[in-house]
Peer 1: 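One structure, as structure tokens, below. Some questions next.
None of these values were measured; they are calculated from a predicted model.
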Number of protein chains: 2
Amino acid sequence: MGVVPVDAQRAQANPAARAGAVATRRRGDALLRAIFDAVFDQLRTVGYANLTMDRVAAAAGTSKTVLYRRWSTKEDMIADALRHRLPSPGDIPLTGDVRADIHALLRCVQASFSSTRGTAFQLVSAEAGCDRPVVRQTIISHVVQPCIQLIGEVLRRAAERGEIRPEAAGELVAASGPAMLVQYSLIREPVVPDEFVASVVDQIVLPLTTRSAGAEHG
Amino acid sequence: MGVVPVDAQRAQANPAARAGAVATRRRGDALLRAIFDAVFDQLRTVGYANLTMDRVAAAAGTSKTVLYRRWSTKEDMIADALRHRLPSPGDIPLTGDVRADIHALLRCVQASFSSTRGTAFQLVSAEAGCDRPVVRQTIISHVVQPCIQLIGEVLRRAAERGEIRPEAAGELVAASGPAMLVQYSLIREPVVPDEFVASVVDQIVLPLTTRSAGAEHG
DNA sequence: GGAATTGGATACGGATTCGTATCTTAGAGA
DNA sequence: TCTCTAAGATACGAATCCGTATCCAATTCC
């Protein structure tokens, strides 16, 4: 019972552990990475409602004990996985070029989808209205709101320099870009392609900032 | 055991059944309405992941048996509740006035939030990527996509009449309005207020359609 | 090489949920 | 008034999941 290959199932879950390879026991970061991969993999395949500790452990090629040694609840685990995988909008260097900066910030929102295998906004809604929406708040306050705020900053400075019309430096225009990406992920496919990000910049956000646009409305 | 007031718990769940009132046994539509109320109520309070048949039955003041007589799975029940509560964009009469028509169509998207007590897009993502995303597809294909398509129609006709610039009659502009509403429901609060809908029309969608806007981009 | 640490397998008790079966009774219709 | 349909309560076995306890083995550190 102990002589049989110990990584039989892991070989299924993780192709890197090929048959015949020595059973290597992962530790620290490598183990953590495998667990987070399994978390997002489970979210994608069975959804948040059916994600269980047992399944995550099996998918990661480890056991439930390892998970409970690190996180006491499922929500803690997922929130931690998000903190490790989500991009940080604050780290993006802003150049002063409106188009480039907005594009960079929207790619940050896009990255929050790809780095979580398209499950980011699945998570935002998963526990809406619950007593402790940990996961929900994690992703909202960590990526989307900072991005909207930074885009607002970019627009405001551009308006001060007279590059864009002043009315465009409002909340709505700043939120329009992220809104388009979120919608794409929900309606079309979970991961947003590069061309779509570029289209949103050139056909939605920037047109809203050009002088004479919208002068007759609002 | 049978002489005790039979609607003790229902009185808690449904204030309409006051103490002292005769124990009334609901049927047909009245019962169905109570069940659907309970479904959306549960979605709002405990979330999709923790919604169970037992809890829905208790909240509706009925029993699990009644639920299983109608729907075989939880997903069927929720999907049916959505079909009964969601608005139908196709029923909206289009006047030809661009602003009025877009406003009416966006109010339809807004109604899909209020009629489901703000849980509509919680549901879109609840079972993302699952084997049978019944609930997800129900709400997407029943409200959002028709609305986007109809807005696209409105824009296309307006472009033919020369009222708006031709480039604005594209998919992205048509999707911008719904995207803003979805984002509001996810980030801010589940039910979208009227003023926000009006702001989106006047500060996002219509400005994108005005001539000379975005001429230099794309 | 040996000790300490951590990964990993397994088993379990308890709680929850599912889906069904059974039975009683309220309400609609004849 | 009588009959039939459906509402609603209750109980249940099976399955699942949680969270913990226990034991063994692989790595790392000394």
Peer 1: Would you call B:D80 and B:R70 a salt bridge, using N to O less than 4.0 angstrom?
Peer 2: no
Peer 1: Looking at A:R107 and A:D194, does any basic side-chain N land under 4.0 Å from a carboxylate oxygen?
Peer 2: yes
Peer 1: Starting at atom CG of B:D29, determine the distance to atom P of C:dA28, rounded to an integer number of angstrom.
Peer 2: 13 Å
Peer 1: Do any N or O atoms from the side chain of A:T52 and from the backbone of A:R55 form a donor-acceptor pair under 3.5 angstrom?
Peer 2: yes
Peer 1: Hey, what bend do you get for the helix from C:dG1-D:dC30 to C:dA30-D:dT1 if you fit axes on five pairs at each end, rounded to 10°?
Peer 2: 30°
Peer 1: In whole angstroms, how far is the P atom of D:dC18 from the CH2 atom of A:W71?
Peer 2: 15 Å
Peer 1: Roughly, in whole Å, what's the span from CE in A:M53 to P in C:dA15?
Peer 2: 20 Å
Peer 1: Write out all pairs satisfying ring-ring contact (aromatic ring centres under 6.0 Å, His included) with one or both partners inside residues 90-120 of chain A, taking only residues at least two apart or from two chains.
Peer 2: A:F113-A:F121
Peer 1: Between B:Q183 (side chain only) and A:A175 (backbone N and O only), is there a donor and an acceptor less than 3.5 Å apart?
Peer 2: yes
Peer 1: Does B:R27 get its side chain close enough to the base of C:dA28, under 3.5 Å, for a donor-acceptor pair?
Peer 2: no
Peer 1: Write out all pairs satisfying ring-ring contact (aromatic ring centres under 6.0 Å, His included) with one or both partners inside residues 168-195 of chain A, taking only residues at least two apart or from two chains.
Peer 2: A:Y184-A:F196
Peer 1: Grab the CG-P distance between B:L32 and D:dA7 for me, whole Å please.
Peer 2: 10 Å
Peer 1: Between A:G28 and B:R55, name the one whose nearest nucleotide on DNA chain C is closer to the 5' end.
Peer 2: A:G28
Peer 1: Quick one: on DNA chain D, does B:L31 or A:T73 contact a more 5' nucleotide (nearest heavy atom)?
Peer 2: B:L31
Peer 1: Given atom CZ of A:R25 and atom P of C:dG7, what is their separation to the nearest angstrom?
Peer 2: 9 Å
Peer 1: From the options B:T62, B:L67, B:L43, B:I78, select the one residue that forms a side chain to side chain contact (heavy atoms under 4.5 Å, CB included) with B:V56.
Peer 2: B:L67
Peer 1: List for me each residue that meets salt bridge (Lys or Arg N to Asp or Glu O under 4.0 Å) alongside A:D37, sequence neighbours excluded, and say none if there are none.
Peer 2: A:R85, A:R117
Peer 1: Give, ordered by number, those residues of residues 63-70 of chain B having at least one heavy-atom distance below 4.0 Å to an atom of DNA chain D; if nothing qualifies, reply none.
Peer 2: B:S63, B:T65, B:V66, B:R69, B:R70
Peer 1: Which nucleotide wins on minimum distance to the side chain of A:K74, given the candidates C:dG27, D:dC18, C:dT6?
Peer 2: D:dC18
Peer 1: Strictly below 4.0 Å: does B:T62 bring a side-chain N or O up to OP1 or OP2 of D:dG8?
Peer 2: yes
Peer 1: What is the distance from CE of B:M77 to C1' of C:dC18, rounded to the nearest Å?
Peer 2: 13 Å
Peer 1: Could you give the CG-to-P distance, from B:D54 to C:dA15, as a whole number of Å?
Peer 2: 16 Å
Peer 1: List for me each residue that meets side chain to side chain contact (heavy atoms under 4.5 Å, CB included) alongside B:E171, sequence neighbours excluded, and say none if there are none.
Peer 2: A:R188
